[in-house]
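Position 1 is the first residue of the sequence, and the numbers go up from there.
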Amino acid sequence: MGKLPFEETLKIFDGATLFVNTSKSESEGFPNTYIQAWLRGVPVISFDVDPDGVIAKNGLGKVVIPWKGQRKQLKNM
C-alpha cells in the first residue's frame, strides 16, 4: 500500500475486525497503529509487544508470546 494519509488508514480500520501486528517494536515504544485500531473499536493481536501492559490491562486485544524457533520453522515452509 505504501504511505497513506491518516484519513485513509482510518477507513481501512473501519472495515477491519482484527488488527494483527507481527512486528517486534524495540525502538518505537507504543505503535501508533494500535491507537488507530482502538479508535475504531478494533482489537489488537500483538506478538510480544504490550508497553506497560496496556493491552492486557484494558482488554484491548491479546498479546502472543512467540515460541522459540518460530521464525526458522516459518522460513522452512
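- In this structure, A16 and V42 approach most closely via the heavy-atom pair O-CG2, 3.7 Å.
- In this structure, I12 is not a member of the same hydrophobic cluster as L10, with clusters built from ILVMFWY side-chain heavy atoms closer than 4.5 Å.
- Here the side chain of D50 pairs a donor or acceptor atom with the backbone of A56 at under 3.5 angstrom.
- P43 and G61 make their closest contact through CB-CA, 4.2 Å (heavy atoms, listed as atom of the first residue, atom of the second, distance).
- Side chains of T33 and Q36 form a contact here, defined as non-hydrogen atoms less than 4.5 Å apart.
- Looking at heavy atoms from C-beta onward, V44 lies out of side-chain contact with L60 at the 4.5 angstrom threshold.
- With values rounded to the nearest 0.5 angstrom, K62 atom NZ is found 11.5 Å from L18 atom CG.
- Enclosure of atom CG in N58 by more than 12 non-hydrogen atoms of other residues, nucleotides or ligands within 6.0 angstrom is indicated.
- Listed here is the closest heavy atom pair of T9 and L4: CG2-CB, 3.9 Å.
- Considering only heavy atoms from C-beta on, F19 comes within 4.5 Å of Y34 through its side chain.
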